[in-house]
Amino acid sequence: MSFTSIPILDLSLARDPATKPQLLADLRHALLEVGFLYIKNTGVPADLVDDVVRLGKAFFELPEDKKLEIEMKNAPSFLGYNKLGMEITRFKTDWREQIDLSTPHELPGPNDPLYRNLLAPNQWPDAEALPKFREVYEEYMARMGDMSMEFTGLIAEAIGLPADAFAQFFDEAQQHKLKIVKYPDLEELGVEGEAQGVGPHKDSMLTSYLLQASHHRGLQVQNADGQWIDCPPMDGTFVVAIGQGMEALTQGVCQSTTHRVQSPARGSGARYSIPFFQGVSYDATFESMDVPESVKKLRADILAKRGGQRLDDIEFTFIKGMWSRLGEATLMNRIKSHPDVGERWYPDLLEKIRKDQAEEAAKFAAKEAAAPSSSSNLPTVQQPHSIQAH
């Protein structure tokens with residue numbers, strides 16, 4: 001039986017020895033059978049969250065020239081501002097405006113691998129135009145980073161591993177990332193029918209934590225039957241998405257689930273979203289984790305219950321032998337998502353990607369043409385992304 005709703009977990013239960021076992025059991029169910037969950041009572045201060053939402057919305061009210069001062073294509077780090085319609089998922093435009101931020105890092109050295117370009121200082125909006133923005137977001141990213149590491153320990157315990165089982169895959173000064181996203185409604189876009197806020201995809205790293213910053217529906221999660229399940233905003237919660245990195249590290253035990261965002265209905269106003277992406281060492285290989293047979297059996301039991309049913313056929317980011325390091329896969333996926341940045345900073349890699357994409361697009365078009373009209377509710381193949389917005 002596939003899931004029909006998203007579970008809600010109270011993290012305060014993990015801090016009491018009397019209630020922690022039940023919390024871990026509920027988390028195990030969410031990891032194995034859903035891949036998405038709400039968490040509440042996380043320890044992140046409510047007043048800080050309020051400031052994050054207020055300032056995030058205020059950023060998009062800045063004059064266009066102020067936002068373009070920190071445009072993403074200014075630097076090879078893929079950090080900064082993206083105008084509406086500048087990102088692509090599955091050969092289609094994502095109708096969102098956004099800014100990408102990261103926990104603080106210095107510029108890489110001249111002899112570092114190319115993927116170390118992803119580790120770099122942020123492009124911050126003008127402090128006079130948006131006072132306290134940097135201060136609030138640096139504090140928020142630090143607190144979310146701590147919370148995500150704590151939650152990763154709970155994931156390990158929930159599937160029968162030591163709490164520090166994933167520690168080897170993090171750097172001492174680990175980079176985490178964040179997006180602030182505005183999805184204009186269909187009236188502002190001038191679009192009839194539905195529009196793609198962001199197309200079907202899976203997040204790539206270990207875990208993502210979404211703050212739904214307005215009371216709009218739009219985020220949907222795909223279950224094993226191909227049905228789209230609403231994941232509506234709930235005050236006081238974050239939505240956790242299990243990433244492909246976690247699925248890879250646990251050899252398929254933890255479920256990474258396809259999701260998408262639909263543009264807000266006409267006249268409903270813009271939807272705002274602030275996803276936080278837990279980072280992983282770019283030097284990680286994802287092939288060195290020892291997963292006990294007892295843990296792998298957890299996934300085997302689920303698949304047996306479903307008759308061996310595969311959730312979907314979305315391309316998996318961490319294919320053995322394709323990349324020697326996570327950083328290489330991440331850089332290529334960022335160039336796919338942001339060809340304007342690739343055009344300026346990585347033209348040779350972008351040319352290779354475009355050749356590969358032309359072949360993939362032809363295969364996709366042939367598959368779409370051959371599919372019956374009733375297939376619109378079925379999972380679709382999609383190119384991987386290093387991180388995504390919800």
Side-chain angles (χ1 to χ4, degrees), residues 1-16 18-44 49 144 147-161 163 166 200-203 205-213 215-247 249-250 252-261 273-278 295 298-299 301-303 305-306 309 311-312 379 388 390:
M1 182 69 178
S2 191
F3 68 88
T4 56
S5 62
I6 312 300
I8 306 168
L9 272 62
D10 184 343
L11 288 197
S12 66
L13 301 180
R15 303 175 194 122
D16 184 341
T19 55
K20 186 174 181 180
Q22 185 59 53
L23 181 280
L24 293 178
D26 293 341
L27 177 55
R28 184 182 309 114
H29 167 79
L31 294 170
L32 270 64
E33 303 214 35
V34 184
F36 256 72
L37 61 148
Y38 295 92
I39 55 175
K40 62 182 181 179
N41 295 324
T42 60
V44 179
V49 171
M144 291 296 291
M147 189 269 286
S148 71
M149 301 300 257
E150 177 187 356
F151 190 73
T152 302
L154 291 175
I155 289 175
E157 291 184 88
I159 61 172
L161 297 174
F166 300 109
H201 69 279
K202 294 182 178 183
D203 292 349
M205 298 303 189
L206 296 195
T207 53
S208 306
Y209 302 82
L210 170 65
L211 171 59
Q212 300 199 72
H215 289 90
H216 290 79
R217 291 176 179 263
L219 176 61
Q220 296 180 324
V221 183
Q222 193 172 55
N223 68 16
D225 297 324
Q227 299 168 325
W228 290 104
I229 308 302
D230 280 336
C231 191
M234 296 180 64
D235 290 340
T237 69
F238 296 103
V239 177
V240 182
I242 302 303
Q244 292 192 56
M246 183 65 75
E247 184 172 339
L249 284 183
T250 60
V253 173
C254 294
Q255 180 74 64
S256 179
T257 305
T258 303
H259 50 286
R260 69 182 183 184
V261 176
S273 172
I274 306 173
F276 174 90
F277 303 94
Q278 180 187 43
V295 175
L298 296 172
R299 166 56 64 203
D301 290 346
I302 294 295
L303 290 177
K305 188 167 64 175
R306 292 180 182 166
Q309 184 180 12
L311 178 68
D312 56 39
Q388 277 289 359
H390 310 296

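The basis for the numbers below is simple: all heavy atoms, side chains too, and nothing from hydrogens, waters or symmetry mates.
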Query raised in the report: Would a 4.5 Å heavy-atom cut-off, applied to side chains only, mark M246 and T152 as touching?
Result: yes

Report summary line: Between the CD1 atom in I6 and the CD atom in Q220, the distance rounded to the nearest 0.5 Å is 10.5 Å

Query raised in the report: Quick one: are P7 and D26 in side-chain contact, heavy atoms under 4.5 Å?
Result: no

Query raised in the report: To the nearest 0.5 Å, how far apart are OH in Y38 and CG in L9?
Result: 12.5 Å

**Report entry** Sequence neighbours excluded - salt bridge (Lys or Arg N to Asp or Glu O under 4.0 Å) pairs with any residue from residues 228-240
**Finding:** R217-D230

Query raised in the report: Partners of T19 by side-chain contact (heavy atoms from CB on, under 4.5 Å), sequence neighbours excluded?
Result: L13, D16

Query - Working for side-chain contact (heavy atoms from CB on, under 4.5 Å), residues R260 and H201 - result: CA-CA 7 Å; R260 69 182 183 184; H201 69 279; 5.6 Å; no

Query - L11 and L154, any side-chain heavy atoms less than 4.5 Å apart - result: yes

Query - Test side-chain contact (heavy atoms from CB on, under 4.5 Å) applied to T250 and F166, step by step - result: CA-CA 10 Å; T250 60; F166 300 109; 4.0 Å; yes

Query raised in the report: Distance only, no hydrogens: is a donor on one side chain within 3.5 Å (strictly under) of an acceptor on the other, for Q255 and R299?
Result: yes

Query - Any side-chain heavy-atom pair of V44 and M144 under 4.5 Å - result: yes

Report summary line: Between I159 and V295, the two heavy atoms sitting closest are O-CG2, 3.1 Å

Query raised in the report: Do I155 and L206 come close enough that some side-chain heavy atom pair is under 4.5 Å?
Result: no

Query raised in the report: Taking atom CG of L161 and atom CG of L249, what is their separation to the nearest 0.5 Å?
Result: 10.5 Å

Query - Atom pair CG/CD1 of L219 and I229 - distance to nearest 0.5 Å - result: 11.5 Å

Query - Taking every non-hydrogen atom, the tightest pair across S208 and D203 - result: OG-OD2, 2.8 Å

Query raised in the report: Taking all non-hydrogen atoms of both residues, which atom of T258 and which atom of W228 are closest, and how far apart?
Result: CG2-CH2, 3.9 Å

**Report entry** Residues Q212, M234; criterion side-chain contact (heavy atoms from CB on, under 4.5 Å); working and verdict
**Finding:** CA-CA 8 Å; Q212 300 199 72; M234 296 180 64; over 6 Å; no

Requested in this report: With rounding to the nearest 0.5 Å, note down the distance linking CG in D10 to NZ in K40.
Outcome: 5.0 Å

Query raised in the report: Excluding sequence neighbours, so at least two apart, what forms side-chain contact (heavy atoms from CB on, under 4.5 Å) with A25?
Result: Q22, R28

Query raised in the report: Looking at I39 and L37, what are the two nearest heavy atoms and their distance?
Result: CG2-CD1, 3.7 Å

Query raised in the report: Between F36 and N223, is any pair of side-chain heavy atoms under 4.5 Å apart?
Result: no

Query raised in the report: So Y209 and F276, would you call those rings parallel, tilted or perpendicular, with 30° and 60° as cut-offs?
Result: tilted

Report task. Could you pull out the closest heavy-atom pair between P233 and H216, with the gap in Å? Result -> CG-O, 3.2 Å

Query raised in the report: Which heavy atom in V239 sits nearest to a heavy atom in C231, and how many Å separate them?
Result: CG1-SG, 3.7 Å

Query raised in the report: So, do Q278 and F151 sit near enough that their side-chain heavy atoms are less than 4.5 Å apart?
Result: no

Query raised in the report: When rounded to the nearest 0.5 angstrom, what is the spacing between NZ in K202 and OG in S256?
Result: 5.0 Å

